[in-house]
Every structure is written in structure tokens, then in C-alpha cells.
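Following: one structure in C-alpha cells, then a few remarks.
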Amino acid sequence: MNTNNPAAASVTRPSLGAQLLRRKPIGQMVSEAGSSEGGTPLVRSFGVLQLTMISVGATLGTGILVILGESVPLAGPAIWISFVIAGLAALLSAVSYAEMAGLVPVAGSSYSYSYATMGEGMAWICGWCLVLEYAVSVAAVAVGAGQYVNETLAAFGQVLPDAVSQPPGDGGVVNVPAMIIVILAMVLLVRGARESAWINTAIVVIKVGILLFFCAVAFTAFNAGNFEPLLPMGAAGVSAAASSVFFSYIGFDAASTAGEEAKNPKRDLPRAIMLSMVIVTSIYVLVAVAAIGARPWGWFDGTEAALVQILHEITGQPWIALVFSVGAVLAIASIVLTVLYGQTRIMLSMSRDGMMPKVFGRVSRRTGTPVAGTLIVGIAVALAAGLVPLGALADATSIGTLFAFALVNVAVIYLRRNRPDLERSFRVPLYPITPILGTLMCAYLMINLGADTWITFGVWMLVGIAIYFGYGRRNSKVAALSEQDYRELTTRAVSPEPVKAANS
């Protein structure tokens, strides 16, 4: 049986319709886990702590540190309700991710889950959405770094000129701090996944510490009157803000991209995903309540680096703002690091399937990382971070993420119905209500995004379809399987035993 050579002359490729519906057998996914172009496997070095910190590092901080000034004017004092709604939508999808991550512990995240359940066509669409989610969110988060770099420099009486701290359209030429943060993360990821994970863990501890410190200071100036009226923009404003701040919750699925670098993925991935969601949602709501209690909602309109300004106004101590700003830059750096990590692993998985060029699937024998793919993705993201405004990036990321999350919820339902025999280390509670609600919630938040965002999404999808027909359709390894080989792989049993690290 030949599962690795898409150009096998004896194989007659299926028709377009059949190829779009052809699913990648789960048995094949599991057997391929850890392989790469050239045969060098990824290194299994992550335990539940590192996986949780990857998820928290990729998630915590974005909405609070970067886009709070843009989302509060939409919802008013009820912004904390928007965070709860967005968090509920994320949680409904997170439990589906947890089940799928334990069932299919591979690097492709929801791309692989869609391939196993809905076929190649939907898998490609999901993978292309993940490119939008991960790469664009890295750029969006990095854009916010310029604000906090300026806050840090302000403590020394210095400020970066807009020309080098803002992108075109926001009064600048290029956002240099954003580009530098992405490039530093790229270099660290090239050196090795284990080193990156430990550095990320240290930064996450700092990030949680500075956010709790902000809450402690903000509550000293708490004014309950700032929450009246609670809904000045009505329920529609709360919904619009929830769609916007959903951007703050993307990243928990980054842990699922580490399926081939986890020591015990079937056990640890579900635990890491659920634990990270509890940590992130609790801190987001706490910080949002503290911020609104400290300042009236109108104060946030047009405010950049809102939290550090609140600290400065309350304490009057420049050193406090300086410490928080430095911590905020580190927090943004951890998001960039972990999300960029997830992007490179998804590209590796797609490359393994023949859906992306082979260069993204090559793993270095020396570092155990996809060096070439990391460099290509990192440079492209750095350019986007330096040249594209934050607002456009944030909304485009949200719509791609919501679509991918909806597909994961559908994948859980499909496999429960069609493969009930598969061993599951975690099961979605209240099935099928939970995945159905998760799908509906994602659809609801997508509907609330603006027309410009939908147009951007539509253009992105058209570009993706063109790439699929130009490359993926002709190079797909699943499509290259003969009918006999495909049926054999489809019926192959999947071992219920968790994959262990070679040295564990």
C-alpha cells in the first residue's frame, strides 16, 4: 500500500466531487503523527503544564491589553457581559476541541478534525480559515505592542514617532515594534519548541501577575455609578462587542496544535484546553469589571493602552505605569510566540497532506522544528503587523476563528454518530446539546460582524479556493490513494492507548 506518493501512476484520482468529500482516515492520521517531509519527527516534550501555558499564553491578554479601547464604546459598562457571552461561545467550542484533541492527537487542530469528518473540501476551507486566524491574529496582537512600547518610553520622557510606531492608515509608515516582536518570536521558535515553551510559561506567570496587580489598584478607585446605565447602547451593542472581543478568546486551540509534541496527548490535551478556558475567562471578566469601575465607559473611546493610563491616573506614579507597560509588552510577546507556533504546526500538517508546499513540512534534524516554514510564516506575519491597522486585523481574525470553531462542533456530532466505537479520553458534556449550541453561538457572533469583515472573509475564501485548485487538488495525498487502500485505511482501528514520548 502506498500512502506517501501522490504521484503514483497506477492510481486513478477521484472526480472533483468525490475528492472534496473524501475523508482522511483517523488511523492514517495517528500513524503519520510525528512524521514530516524528510522523515524527521517532532520532539515529544510537553506535559499538561506546558500545554496549558501554551493555551493561556496564546489567549490571555489580547482583548484586555489591546482592544479594550475599541470594544467598550460598543457595549458601554456592559462590556463585561460581552466578555461573558464571548467566553460562553468559546467554552462551548472548547469542550468540542477537548474531545477531538483527545481522539485525534495530531498537529493540525480543527483542520485535521474537519478532514476526518467532513472531507477534503471542508478541511481545506477550515485550514485556510486557520491561516487567517493564526497568522492574522499574531499580526493584530503585535500591532498593539507599539502602544505599550510608547507607554514604557514615556516614563523616560521619550516617545516613538508615529511614522515608526503606527501602520499606514493610522498616521504612520510602518509599525517597527510590532515587526520586531514577531521576528524575535520567529527566531525563538526556530531554536526549539521546548525552550520556547519554558520561556512562554515564565512570561504567562508575569502576565497573570500584572493583570491581578491592575485589578488591585483599580478597585481602590471603584465607583459603582460607572455601571449606570448598564446598557447605554442596548442589547445590540453588547452583541456587537461580544463579536469583537471574541478575538480575545482565540488561542485556546493552540494547545491542540501541539498534539504531536505532547508526551501524553490523549490525556493532557483535553485537560489543558479546559483549564486554560477557566483561567482566561475568570481574569477577563475581573479586569473588565475593575476597569469600568475605575473609569466611566465614555473615557475609553479612542483610548490606547487603556489599562496603563488608568494605573497612571490613579496612582500618579510613573514607575507603576512603567512596570505595567513592560509586563504588557511581555504579555503581547507570549501571545505572538504561542500563536505563531500554532500556525507553523498547522502548515506542517497541511503540507504533510499535500495541501501546502513541501517546504512547510520539513523538520530540522538539529532543532526538531519546521525551520523553513517558521521563517516563511514569520516574515509574512511581520510584514502584516508592520503595515496593516489593528481594527481590520482583529475583525478578520474573529470571523475566520468562528467558522473554524463551528466546524469542530459539527465534527464532534459526526464522529459520535458514525464512529461511536472510537476510544475517547474526554467526552463533551450534555451531548448533543453542547455542540449544537456551540455551532449556533458561533453563527450568531459571525452574523453580528460588519459587512466589511464579511467582504474581507469572502475575498480570503476566493483566494483560498484558487490555491486549492492550483495546488492542493493536484497534490493531495488522500486523493492519491487507490479505492482499495482508502477503504482499508478507513476501517483500520485506532489504538486507544495514548501516544507516549520516546523518553518517557
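By the side-chain contact (heavy atoms from CB on, under 4.5 Å) test, M118 pairs with S114, M122, L407, V410, A411, sequence neighbours left out. With sequence neighbours excluded, no residue forms a salt bridge (Lys or Arg N to Asp or Glu O under 4.0 Å) with R271. Evaluation of the side-chain contact (heavy atoms from CB on, under 4.5 Å) rule for P429 yields V95, F426 as partners, not counting sequence neighbours. Every residue two or more places apart in sequence or in another chain that forms a salt bridge (Lys or Arg N to Asp or Glu O under 4.0 Å) with R424 is listed here: E99. By the side-chain hydrogen bond (donor to acceptor under 3.5 Å, both in side chains) test, T374 is found to be paired with no residue, residues two or more places apart in sequence or in another chain being considered.
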_Check against side chain to side chain donor-acceptor pair (under 3.5 Å), S239 and Y444_ = CA-CA 9 Å; S239 297; Y444 171 73; 2.5 Å; yes
*What do the steps show when you test F360 against R345 for side chain to side chain contact (heavy atoms under 4.5 Å, CB included), and what is the final call?*
CA-CA 9 Å; F360 293 104; R345 271 46 181 184; over 6 Å; no
*Would T117 and R419 satisfy side chain to side chain contact (heavy atoms under 4.5 Å, CB included), going step by step from the backbone distance to the final call?*
CA-CA 10 Å; T117 56; R419 294 299 302 273; over 6 Å; no
_Stepwise side chain to side chain contact (heavy atoms under 4.5 Å, CB included) check, W80 with L230_ = CA-CA 10 Å; W80 66 271; L230 182 62; 4.0 Å; yes
*May I have the step-by-step check of side chain to side chain contact (heavy atoms under 4.5 Å, CB included) for V412 and Y97, ending in yes or no?*
CA-CA 8 Å; V412 167; Y97 262 94; over 6 Å; no
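Of all heavy-atom pairs between V182 and V336, the closest is CA-CG1, 3.9 Å. Taking both residues in full, the closest heavy atoms of M233 and P73 are given as CG-O, 3.9 Å, listed atom of the first, atom of the second, then distance. Here the closest non-hydrogen pair linking G438 and N409 is C-ND2, 3.5 Å. The two residues I335 and L60 have their closest heavy-atom pair at CD1-O, 3.4 Å. Heavy-atom minimum distance, M441 versus L88: CE-CD2, 3.9 Å. Of all non-hydrogen atoms in A86 and V245, the two that sit nearest each other are CB-CG2, 3.9 Å.
Using a 4.5 Å heavy-atom cutoff, the side chains of F405 and L92 are not in contact. Between L91 and T281 there is no side-chain heavy-atom pair separated by less than 4.5 Å. Considering only heavy atoms from C-beta on, I320 comes within 4.5 Å of F213 through its side chain. Counting only heavy atoms from C-beta outward, the side chains of W299 and Q309 approach each other to under 4.5 Å. Looking at heavy atoms from C-beta onward, Q343 lies out of side-chain contact with L130 at the 4.5 angstrom threshold. The closest side-chain heavy-atom distance from I81 to I85 is below 4.5 Å. Within the 4.5 Å cutoff, side-chain heavy atoms of I181 are placed close to those of V329. At a threshold of 4.5 Å between non-hydrogen side-chain atoms, the residues S71 and F300 do not count as touching.
For the side-chain hydrogen bond (donor to acceptor under 3.5 Å, both in side chains) criterion with D353, the lone passing option out of W124, Y111, Y115 is Y111.
Here the SG-CE distance, from C126 to M350, works out to 8.5 Å after rounding to the nearest 0.5 Å. The line from CD1 of I436 to OG of S96 is 10.5 Å long, rounded to the nearest 0.5 Å. In this structure, L184 CG and L188 CG are separated by 9.0 Å, a value rounded to the nearest 0.5 Å. Note: L189 CG to N200 CG = 9.5 Å, rounded to the nearest 0.5 Å. Of the inter-residue distances, the one linking F324 atom CZ with L311 atom CG reads 5.5 Å to the nearest 0.5 angstrom. Rounded to the nearest 0.5 angstrom, D268 CG and L275 CG are separated by 11.5 Å.
The backbone N or O of G293 lies less than 3.5 Å from no partner atom in the side chain of N223, so there is not a single donor-acceptor pair. Of the possible donor and acceptor atoms, one in the side chain of K207 sits under 3.5 Å from a partner among the backbone N and O of G57. T220 contributes a side-chain N or O that, together with a main-chain N or O of V217, makes up a donor-acceptor pair within less than 3.5 Å. Judged by distance alone, the side chain of T344 and the main-chain N or O of Y341 form a donor-acceptor pair under 3.5 Å. With hydrogens and angles ignored, the 3.5 Å screen pairs no side-chain donor or acceptor of S351 with any backbone N or O of M347. A donor-acceptor pair under 3.5 Å is formed between the side chain of W460 and the backbone N or O of W128.
A salt bridge links R295 with E313: the closest approach of a Lys/Arg side-chain nitrogen to an acidic carboxylate oxygen falls below 4.0 angstrom.
Annotation: cation-pi pair R416/Y431 present, NZ/CZ under 6.0 Å from the ring centroid and within 45° of its normal.
A centroid separation of less than 6.0 Å is found between the aromatic rings of F222 and F227.
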Show me the side-chain donor-acceptor pairs of residues 46-55 shorter than 3.5 Å, one per line, residues at least two apart or across chains.
residue, atom, partner, partner atom, Å
Q50, OE1, G47, N, 2.9
T52, OG1, V48, O, 2.8
S55, OG, F252, O, 3.0
S55, OG, S276, OG, 2.7

